Amino acid sequence: MNGIEKITGQIEADVQREIDDLTAQAQAQAAEILADYEARARAEAEATLKRGALAAAQREERLGDMARLEARKLTLGTKQEMVERAFQRALEKLTSLPDAEYVSLLANLAAAGSRSGHEAVIFSQKDRARFGKQVVTLANDILARKVAPKLPEELTGSKAGAILDKVVAGASAVLAGTGMLTLAEDSRPMAGGLILRDNNVETNCSFEVLIHLQRDALAAEVAKTLFD
């Protein structure tokens, strides 16, 4: 082998070694890059799964909260409806009392609500026709007895004494300016109860208004009675 061939062979060998070294380096870098991307891909996949799981858990919690809120709203609505029915039932009970109890109740309402003792008493059309005169008469008697002196029982025990008691009560009422309620000519639309009118001033003692005025104070107690 001459000198030129040796030199050429040496150059080829050096080039081949350089090519092999570069190829090995490239393969090593490619493997490193591939491993890095695989690691990143796994990390991203895990992060995506975690985000998905977290989102699913959050959505489940939100749906649960919404369901619980809706359940509370439905429960509250049902309780409010039952409380309303209880007050409605109370109104029905008042308007369906036996006649004697109903007249007594209205008379005591009129006497308790009277301020001057000479108001006009307004009823519903039905109550005015059935009980108006009885209620006014009894209410005036209640007002008269509030201002009448108490007579000894030995005087009021007989028929004559009973008449004397009424005379004294009536006279006391006249002197005190009370016990002079009158039956109003007009009537009002109401379930029951009455309205006292003194000139232009009215005191509403209808059952609807009385129940409404007590509603806030009694609603919690009614609910406790119904649901505890």
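Treat the numbers as computed from the prediction; the structure is a model and nothing was measured.
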Using a strict 4.0 Å threshold on nitrogen-to-oxygen distance, state whether [X] and [Y] make a salt bridge.
X	Y	value
Glu46	Arg51	no
Arg85	Glu92	no
Asp186	Arg128	no

If you measure from [atom1] on [X] to [atom2] on [Y], what distance do you get to the nearest 0.5 Å?
X	Y	atom1	atom2	value
Cys205	Leu105	SG	CG	10.5 Å
Ser206	Ile195	OG	CD1	6.0 Å
Leu106	Gln134	CG	CD	10.0 Å
Met190	Phe123	CE	CZ	8.0 Å
Ser114	Glu119	OG	CD	3.5 Å
Asn204	Leu194	CG	CG	8.5 Å

* Any side-chain heavy atom of Arg197 sitting closer than 4.5 Å to one from Arg188? ->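 A side-chain contact exists here, since the closest heavy-atom pair is under 4.5 Å.
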* Asked: Taking C-beta and beyond as the side chain, do His118 and Asp198 meet within less than 4.5 Å on heavy atoms?
  ->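 His118 vs Asp198: side chains touch.
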* Asked: Do any N or O atoms from the side chain of Ser104 and from the backbone of Ala100 form a donor-acceptor pair under 3.5 angstrom?
  ->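 Not a single qualifying donor-acceptor pair exists.
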* Look only at the side chain of Arg115 and the backbone of Gly113, and say whether a donor-acceptor pair between them is shorter than 3.5 Å. =>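 Answer holds: yes.
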* Dump the intermediate steps for side-chain contact (heavy atoms from CB on, under 4.5 Å) on Val136 and Thr182, then the final yes or no. => CA-CA 6 Å; Val136 170; Thr182 58; 5.6 Å; no
Quick check: closest heavy atoms across [X] and [Y], and the distance to 0.1 Å?
X	Y	result
Gly132	Leu183	CA-CD1, 3.9 Å
Leu196	Ala110	CD1-O, 3.6 Å
Ala184	Ile122	CB-CG1, 3.6 Å
Ala139	Leu181	CB-CD1, 3.7 Å

* Aromatic ring proximity, centroids under 6.0 angstrom, Phe131 and Tyr102 ->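 Here the rings of Phe131 and Tyr102 have centres that are less than 6.0 Å from each other.
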* Asked: Just wondering, more than 12 heavy atoms not from Glu202 lying within 6.0 Å of its CD?
  ->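 Counting other residues, nucleotides and ligands, CD of Glu202 exceeds 12 neighbours.
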* Going hydrophobic residue to hydrophobic residue with side-chain gaps under 4.5 angstrom, can you get from Leu138 over to Leu97? ->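 The answer is yes; both residues are in one hydrophobic cluster.
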